[in-house]
Number of protein chains: 2
Amino acid sequence: MANATLKKIAQVLDISVSTVSRALKNHPDISASTKQKVMELAETLEYEPNAVAVNLRSKNTKVFGVMIPSITNNFYDSFVNAVEEEVKKAGYSLMILQSGDDPAIEIENLKIYRQNRVSGVFVCLSKETTNIDAFHKMKEANIPLVFFDKVPDNDAYDRVCLADKEAAEMAAEALLQKKKKNILAVFGNTQLSITKRRLDAFKKIMQQNTSVDVAYEFAGKSEEAESIAQRYFQLKKMPDAVFCMSDEILVGVMKCIQRLHINVPAQTGIIALSDGYFPGIYYPEITYVETSGYRLGKLACERMMECLKGKEETTELFVSSRFAEGGSL
Amino acid sequence: MANATLKKIAQVLDISVSTVSRALKNHPDISASTKQKVMELAETLEYEPNAVAVNLRSKNTKVFGVMIPSITNNFYDSFVNAVEEEVKKAGYSLMILQSGDDPAIEIENLKIYRQNRVSGVFVCLSKETTNIDAFHKMKEANIPLVFFDKVPDNDAYDRVCLADKEAAEMAAEALLQKKKKNILAVFGNTQLSITKRRLDAFKKIMQQNTSVDVAYEFAGKSEEAESIAQRYFQLKKMPDAVFCMSDEILVGVMKCIQRLHINVPAQTGIIALSDGYFPGIYYPEITYVETSGYRLGKLACERMMECLKGKEETTELFVSSRFAEGGSL
DNA sequence: ATTATTTTCGCAATCGTTTGCGGTTCCGAA
DNA sequence: TTCGGAACCGCAAACGATTGCGAAAATAAT
């Protein structure tokens with residue numbers, strides 16, 4: 001008998017629904033014998049509480065929203081993976097929606113989250129989002145928000161980010177230490193704050209060392225990174241090292257490296273900021289500074305849980321970086 | 001005023017809750033003037049229906065479950081991507097749970113889906129699952145199930161699969177057409193039915209042509225594929241082509257190719273079964289037979305929608321394959 | 001003016017669960 | 001015998017929305 005309810009159990013035993021409810025929760029008001037009977041019947045009827053009804057009454061759905069530009073992305077994957085692992089321990093589930101980097105869909109999605117009364121939402125902003133008014137409504141609806149990765153420029157929100165500054169600095173210093181003198185540095189979309197932070201930090205280190213020549217380029221997609229690399233590696237004076245701000249860029253650059261049969265690290269060095277998967281698929285493996293989506297997910301969960309406990313002050317938190325030696329520099 | 005309810009609107013306008021409900025749904029019983037007032041107030045109060053309450057009453061949550069071994073997997077990603085895109089059109093959302101290839105967690109997850117009264121579940125079985133009794137309960141609870149990719153051997157369930165046989169045949173024939181005579185064919189875990197199907201089809205074609213030498217090897221992970229390739233490419237008689245059953249294997253093989261500086265396709269040809277992303281990151285791009293997670297997702301959705309409409313007969317459906325010319329063969 | 005018919009709306013039940021409050025029953029103590 | 005207090009359980013409201021049915025008011029028909 002699937003879909004048993006408290007009422008059915010009550011009718012069979014000829015007792016009230018409230019007694020059944022209390023018995024199943026081991027409430028002290030109920031006698032041992034009654035509890036026994038109720039629990040046995042519940043067992044044989046395969047009773048399972050209707051979460052929807054429980055949610056309505058408790059006003060707590062135990063569901064978190066996760067909004068990302070696209071799920072087909074290694075970085076977001078590992079973020080989602082971490083979050084799913086973590087919140088499950090506390091009995092929460094995930095409702096994942098993709099924005100497709102479209103602010104209109106983003107707003108639609110927020111509406112869905114509100115209507116479903118999720119307990120909180122993890123948000124990575126789309127590339128195109130400039131106006132974050134829509135997110136205010138969530139605050140009004142008392143739904144905690146934790147931004148990650150692409151976060152708004154607003155101290156009124158909780159944000160967890162990669163330690164972009166630190167990571168870019170580590171990479172820059174590694175390049176200097178290896179005495180690289182003619183560096184191609186490829187960054188992503190300049191609109192993104194993530195790009196700005198990495199770029200600024202990288203530049204700062206480089207400017208301290210005037211004997212180093214750095215060319216800064218920007219690529220929104222792998223293909224652009226590939227053609228940029230193509231251009232530079234056909235110069236008489238080839239770069240002696242390439243810095244890749246992201247996996248996407250690394251992939252593009254490496255395709256060019258393969259095309260031109262450039263020997264790494266003999267002819268040129270490579271260093272990237274990465275989650276760690278892609279650096280491992282090449283030979284030699286790429287030296288990278290880790291920017292872990294997984295650890296970011298864990299951190300975001302921690303923050304979310306604090307929000308649920310009523311923490312008021314908003315903060316910006318960072319996950320630290322780690323240098324991972326490959327053989328490419 | 002966030003979290004407005006029908007009741008609040010009713011109180012303000014001094015009318016009944018039912019009238020408010022009908023007015024918002026444009027019910028003919030309600031006068032135009034009343035509708036006007038209700039809708040305006042709903043607008044200013046930013047009323048949004050409580051999906052939880054609606055669900056309880058309608059017994060329809062408009063949420064699908066998606067259970068996969070792990071979300072950090074390109075193939076499942078594109079599947080989930082497709083499903084999310086598709087079901088959103090019909091107003092559905094997704095609740096994603098990972099099994100971690102653990103049958104016990106799988107059963108736990110099914111319970112969560114039942115308690116949340118999801119409208120249906122897309123399931124990819126874990127590698128370890130042998131007993132599928134737990135899935136019977138879903139049928140009893142009247143929750144439609146659509147299995148994909150790793151599906152049970154049971155005609156009582158709906159299944160959508162890649163056309164493994166067809167894809168493996170296409171790849172095999174491409175190898176023959178290119179007059180390859182000494183082929184290394186790397187397959188995945190032999191336990192998986194997906195491996196068996198691909199292997200059988202591939203072998204069948206190859207056996208029709210006795211002049212071709214094929215070495216069959218099996219790798220559960222990228223690293224294993226890499227060391228297998230390493231072994232074969234150090235032989236006096238190098239393979240003149242490699243067949244890779246999956247992206248995972250392709251990545252491992254390609255790492256070896258890079259390590260040994262083997263020229264593709266001059267020294268050896270490569271062909272793979274793949275979703276299409278990884279073949280594009282190498283130069284030359286890898287020739288592959290497409291096994292699209294995305295299209296599998298679309299197909300699974302179609303089937304799910306039919307289940308909701310009450311289709312009784314269960315079927316096994318396949319997504320066709322497509323040959324994609326790279327430059328690696 | 002009286003009856004018939006619309007138009008317009010409210011009552012109350014329902015979905016399944018939880019919980020404050022009050023009401024029996026029963027036991028032992030005064 | 002009577003009172004006090006556990007021990008045990010049910011009533012009813014609540015969460016928010018939907019809907020069949022009946023009722024009042026307004027309009028039309030006779």
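Quick note on labels: first sequence line is chain A, next is B, and so on, each numbered from 1.
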So if I take residues 28-43 of chain B and measure heavy-atom distances to DNA chain C, which residues fall below 4.0 Å?
B/Asp29, B/Ile30, B/Ser31, B/Thr34

Would you call A/Lys137-A/Asp133 a salt bridge at under 4.0 Å N-O?
no

Phosphate OP1/OP2 of D/dC9: any A/Thr19 side-chain N/O under 4.0 Å:
no

Give a yes/no answer on whether the side chain of A/Lys59 brings an N or O atom under 4.0 Å of OP1 or OP2 in D/dG16.
yes

Separation of D/dA17 atom C1' from B/Lys7 atom NZ, nearest Å, is 12 Å

May I have the distance from A/Leu24 (atom CG) to C/dG16 (atom P), rounded to whole angstrom?
16 Å

Among pairs that include at least one residue of residues 94-120 of chain A, which meet salt bridge (charged side-chain N to carboxylate O under 4.0 Å, His left out), considering only residues two or more places apart or in two chains?
A/Arg114-B/Glu48

Please work out if A/Val17 contacts a base, only the sugar-phosphate, or nothing of the nucleic acid, heavy-atom cut-off 4.0 Å.
base

B/Asp14 or A/Val54: which one's nearest nucleotide on DNA chain C is closer to the 5' end?
B/Asp14

Does a side-chain N or O of B/Thr5 approach OP1 or OP2 of D/dG16 to a distance below 4.0 Å, or not?
no

In whole Å, I'd like the distance from the CG atom of A/Asn55 to the C1' atom of D/dA14.
15 Å

Kindly say whether A/Ile71 contributes a backbone atom to a donor-acceptor pair with the side chain of A/Gln98 at under 3.5 angstrom?
yes

Atom pair distance, as rounded to whole Å: OH in A/Tyr47 and P in C/dG16
10 Å

To the nearest angstrom, the CG-P distance between B/Asn3 and D/dC15 comes to 13 Å

Base of D/dG10 paired with side chain of A/Arg22 (donor-acceptor, under 3.5 Å):
yes

A/Lys8 NZ - C/dT17 C1' separation (whole Å)
15 Å

With no angle test and no hydrogens, is the base of C/dC11 tied to the side chain of B/Ser18 by a donor-acceptor pair under 3.5 Å?
yes

Nearest-Å distance, CZ (A/Arg57) to C1' (C/dT18)?
4 Å

By nearest nucleotide on DNA chain C, pick out whichever of B/Leu56 and B/Ser16 is the more 5' one.
B/Ser16

Answer yes or no: is there an ion pair linking B/Glu84 with B/Lys88, defined by an N-O contact shorter than 4.0 Å?
yes

Under a 4.0 Å threshold between the charged nitrogen and the carboxylate oxygen, would B/Arg303 count as salt-bridged to B/Glu306?
yes

Between C/dT18 atom P and A/Asn26 atom CG, what is the distance in whole Å?
14 Å

Evaluate the criterion side chain to side chain donor-acceptor pair (under 3.5 Å) for residue pair A/Asp275 and A/Ser78; output intermediate values, then yes/no.
CA-CA 9 Å; A/Asp275 200 354; A/Ser78 39; 2.7 Å; yes

Only one of B/Val160, B/Leu296, B/Val87, B/Val146 forms a side-chain contact (heavy atoms from CB on, under 4.5 Å) with B/Cys301, so which one is it?
B/Val87

